[in-house]
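Reading through the structure tokens given below for one structure.
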Amino acid sequence: MEASAALVEATKEMAGPGGCVSGGIIDTLRQHGVLGLWEQTHLAGIRDRLAHKLLPQLGEAAEGQTEEDNEDVEGGLAFSTAIGVVAQEMAEVQAAARKFDETVGGRSHLRGRVCDLLESEILHSSHDKIRKQCIARLRTGFSDFSELAELRDDDDDLDAALSSGDLRTEVDHPEAMALLARLRTFQQLAVDLQKMGLLDMLITTPDFHELLHSVVCARITDSCEGVFDEEFLPSLSEWLDDVVKGWLTLMRPDSPLDSKATSVTQCIAEMHSNARFELCTLRITELFDIIVDFPDSQPAVEDLRNCLARTDQRALLLSSLKAAFRKRLLHPGANTTDILAQYILAIKALRELDPTGVILEVVCRPVRSYLQSREDTVRSIVRSLVDDSNTELSSELAEGKPINMPDSDMSSDEEGDDSWMPDPIDADPTSSRSQRTGDITSVLINIYGSKELFVKEYRLLLSERLLALPDYNVDKEARYLELLKLRFGEEHMTQCDVMLKDISDSKRISSRIHEDLQGAESQADMAATGDLRIFILSRLFWPTLKGEDTLQLPSPVQKSLDTFTAKFETLKAARTLDFKNHLGLVNLELTLDSGATVDFSVPPIVATIMFHFEERSDWNLEQLSSVMKVPTPTIQKRMTFWIRSGLIRATAPGEYILDEQGYVDRSNSAGGAGDHVDDEDDAEDEDEDEELYWQFIQGMLANHASLPLDRIYALLSMFVEGGLTLTEPALQKFLAAKVDTRLLVMTQGEYALPNDD
């Protein structure tokens with residue numbers, strides 16, 4: 001037989017029933033050296049049929065497919081049918097090629113070349129819409145399977161159907177039946193792609209990997225985003241092993257069990273890795289909010305820690321969280337107390353995330369630097385230490401552990417420990433592990449690396465608290481001092497010991513003087529000093545006490561102080577008293593013309609103003625300034641208290657008159673004489689108090705340019721003692737309202753009056 005005749009005969013046999021070329025024809029083709037030529041001609045015919053008939057049919061089906069088709073029960077039927085036609089024909093071609101290869105005896109790879117042809121024509125050619133439509137159908141199949149999987153818990157038959165892959169099961173659930181119908185169409189499409197040898201090729205394309213990635217990301221976003229109070233990594237892993245693995249298995253029902261398990265397992269392993277990476281990325285972007293919600297967000301921290309252990313995203317976490325701190329926390333609009341509160345939460349949360357403390361050290365370095373630049377940081381930390389409402393720091397203070405300072409930290413914590421492990425590569429070599437893992441108080445103190453600053457600030461705070469005491473009871477302050485000694489060392493607290501001793505000695509000396517006066521012949525001296533409670537301070541051991549030190553007290557009061565001083569000089573030879581007239585608290589009982597009495601607790605300067613109005617009913621600012629030895633602006637500010645109470649009325653600028661009727665009218669409108677002053681629970685009283693505080697605050701800021709919250713609170717406590725009903729958080733809200741109405745401005749945590757410019 002001639003070569004040309006053999007070529008024709010081989011082509012006929014290949015296209016005929018059974019699709020197999022006989023051995024004789026193959027021998028003839030081989031003898032004439034045209035076997036390879038026939039294979040090329042045969043492949044060219046297949047390529048021509050694909051290019052001019054089959055692929056155009058698929059292209060038309062893919063072109064006509066819409067998103068609505070994918071959502072419909074019959075969605076994608078035209079495309080799936082077209083795939084089925086091509087699959088059937090190509091399956092026959094591949095079967096014939098396989099028989100040809102078997103007949104040739106392994107010296108030909110016609111079937112492999114046919115598969116390569118299909119891949120090049122469909123997956124890597126200009127038929128982009130066909131490939132994308134295949135991916136779209138796979139995506140729709142996953143959506144249907146995922147939705148059906150959510151219904152399986154309530155239906156045993158459905159659960160059995162999904163477990164076995166038998167989608168022909170009848171279930172008593174209309175929605176499930178519709179989904180099963182859609183999945184049968186999807187499964188047939190997958191089977192047809194498998195017949196063509198395209199399913200495995202399709203799974204290796206970037207489009208399919210993008211599908212898997214989008215599926216994981218959608219699950220994480222829908223389930224995990226913004227939810228911090230439960231762990232999601234275990235449930236996410238369970239979802240991958242249940243739903244995603246079931247979907248992948250459903251696509252290959254006719255594959256051998258071993259090969260199916262291998263490919264599915266590899267795909268699932270890759271998706272587990274992607275899921276950890278995406279969940280880790282999400283939690284990193286949310287880490288600032290996770291810290292704000294800590295410890296309620298502990299499960300989210302656990303997820304992040306488990307993901308970080310398996311993904312290389314530590315650098316991303318460090319850069320992302322530092323950027324979040326700079327943007328959302330380290331700016332002039334944030335109060336120092338808020339920054340410290342967030343820093344404390346960051347310490348607790350990041351130590352859960354990384355027990356070595358390295359992440360905390362690196363991420364919070366900008367926070368520490370920013371806090372160092374704020375003038376009120378030391379003050380805020382000290383106040384937090386002795387604030388019962390701050391349970392975190394006060395509980396640590398009660399433990400009595402010493403501060404772990406850098407200069408005292410040795411390497412003994414790293415020696416002789418069999419469980420020692422090296423620090424991560426990004427750890428600061430200049431700090432030890434004990435510094436990074438010390439308690440929160442030590443971390444806060446180490447912002448400055450010095451105890452002296454905090455001891456000095458505590459002395460200022462202690463002086464304010466002691467001078468604000470209504471009596472001589474220093475038990476609470478003594479307890480705090482003893483705890484601080486354990487923290488900072490007794491040698492740093494000597495002056496504070498003297499301050500407390502001064503208050504205790506004042507009680508003893510005052511009692512002795514009062515006893516001496518009771519036994520004296522002058523009953524007038526005893527009466528004059530009987531109501532005095534004096535704090536005798538050792539000047540060299542107390543901070544400088546600022547204020548209106550020039551105040552001239554009323555003569556009866558001054559006489560009482562002189563009598564007390566004379567007795568003190570008798571008791572303490574070579575020592576005398578220098579009274580600070582602007583400090584203290586005066587309890588006033590005023591009797592009105594009607595016979596009613598009202599009580600006030602006010603600073604000495606405020607009481608002195610009322611004393612002079614008792615002498616005569618009208619005064620101007622210059623006259624009061626002359627007799628009181630106090631600047632006019634100061635008197636004008638302090639006059640506000642009595643104006644607000646209704647006892648004094650301004651008749652002209654700088655002119656004032658006693659007005660008892662105004663107080664009576666105000667009392668009646670408030671529901672009873674005296675209630676508006678003493679009842680702290682009355683809402684109208686609180687409004688009036690806030691107006692009074694506002695007057696004081698304006699005066700403070702006029703003299704000091706700008707002040708932080710805690711300093712304003714301390715000054716109010718000193719100046720308006722007895723009438724201060726606001727807590728420090730309430731004062732912060734009050735000042736924030738003034739900022740909102742542009743009556744105040746806040747810069748770097750300090751409040752100031754707005755510029756007239």
Side-chain angles (χ1 to χ4, degrees), residues 527-528 531 547-548 550-561 581-582 584-680 682 684-696 698-699 716 719-725:
D531 293 333
E548 304 117 358
T550 60
L551 174 64
Q552 179 67 52
L553 295 174
S555 56
V557 178
Q558 188 61 51
K559 181 181 178 181
S560 299
L561 298 181
N581 295 339
H582 63 291
L585 181 67
V586 178
N587 295 319
L588 288 180
E589 182 181 281
L590 302 181
T591 303
L592 305 182
D593 290 341
S594 62
T597 60
V598 289
D599 297 324
F600 296 94
S601 294
V602 294
I605 187 173
V606 177
T608 302
I609 292 174
M610 180 52 67
F611 176 86
H612 290 298
F613 273 94
E614 187 179 16
E615 292 179 341
R616 69 183 222 210
S617 61
D618 60 313
W619 289 82
N620 60 41
L621 291 177
E622 289 74 14
Q623 293 168 341
L624 287 172
S625 176
S626 177
V627 299
M628 294 174 60
K629 310 302 182 185
V630 176
T632 300
T634 302
I635 295 177
Q636 186 175 20
K637 288 186 295 183
R638 298 311 186 101
M639 186 74 74
T640 306
F641 178 85
W642 297 118
I643 294 175
R644 286 294 174 186
S645 70
L647 284 170
I648 292 178
R649 174 169 52 87
T651 58
E655 301 284 342
Y656 303 92
I657 187 172
L658 189 65
D659 184 18
E660 291 188 15
Q661 188 59 42
Y663 175 80
V664 173
D665 294 341
R666 189 180 297 268
S667 300
N668 290 337
S669 64
D675 289 348
H676 73 291
V677 175
D678 296 327
D679 187 1
E680 295 182 357
D682 188 273
E684 294 184 12
D685 284 342
E686 292 179 359
D687 292 340
E688 293 181 1
D689 287 344
E690 289 182 355
E691 289 297 327
L692 171 63
Y693 304 152
W694 175 232
Q695 296 295 328
F696 280 128
Q698 286 178 299
L716 281 177
F719 294 153
V720 196
E721 186 67 40
L724 186 60
T725 59

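Being a predicted model, the structure only gives us computed values, none of them experimental.
For Trp642 (side chain) and Leu658 (main-chain N/O), no donor-acceptor pair under 3.5 Å exists by modelled atom type. In terms of modelled atom types and a separation under 3.5 Å, the side chain of Ser625 and the main chain of Val630 share a donor-acceptor contact.
To the nearest 0.5 Å, atom CG of residue Leu590 and atom CD of residue Glu614 are 7.5 Å apart. Expressed to the nearest 0.5 Å, how far CG of Leu551 lies from CD1 of Ile635 amounts to 9.0 Å. Note that NZ of Lys629 and OG1 of Thr550 are 9.5 Å apart. Values are rounded to the nearest 0.5 Å. Taking CD1 from Ile605 and NE2 from His582, the interatomic distance works out to 10.0 Å, rounded to the nearest 0.5 Å. In this structure, Leu647 CG and Ile609 CD1 are separated by 12.5 Å, a value rounded to the nearest 0.5 Å. One finds the CG atom of Leu592 at 8.0 Å from the OG1 atom of Thr597 (value rounded to the nearest 0.5 Å).
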For this session: Quick one: do Leu588 and Phe611 satisfy side-chain contact (heavy atoms from CB on, under 4.5 Å)? Show the steps, please.
Result: CA-CA 10 Å; Leu588 288 180; Phe611 176 86; over 6 Å; no

Problem set entry | side-chain contact (heavy atoms from CB on, under 4.5 Å) between Met639 and Leu624, worked out | CA-CA 11 Å; Met639 186 74 74; Leu624 287 172; 3.5 Å; yes

For this session: Test side-chain contact (heavy atoms from CB on, under 4.5 Å) on Asn581 and Thr608 and set out the steps.
Result: CA-CA 10 Å; Asn581 295 339; Thr608 302; over 6 Å; no

Exercise. Gln623 and Arg616: side-chain contact (heavy atoms from CB on, under 4.5 Å), yes or no, with the steps?
Worked result: CA-CA 12 Å; Gln623 293 168 341; Arg616 69 183 222 210; 2.5 Å; yes

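Here Glu655 pairs with nothing under the side-chain hydrogen bond (donor to acceptor under 3.5 Å, both in side chains) rule; sequence neighbours left out. With sequence neighbours left out, Gln552 forms a side-chain hydrogen bond (donor to acceptor under 3.5 Å, both in side chains) with no residue at all. By the side-chain hydrogen bond (donor to acceptor under 3.5 Å, both in side chains) test, Asp618 is found to be paired with no residue, residues two or more places apart in sequence or in another chain being considered.
Annotation for Thr651 and Tyr656: closest pair OG1-N, 4.2 Å, computed over non-hydrogen atoms. Minimum interatomic distance between Leu585 and Pro604 (heavy atoms only, all atoms of both residues): N-CD, 4.5 Å.
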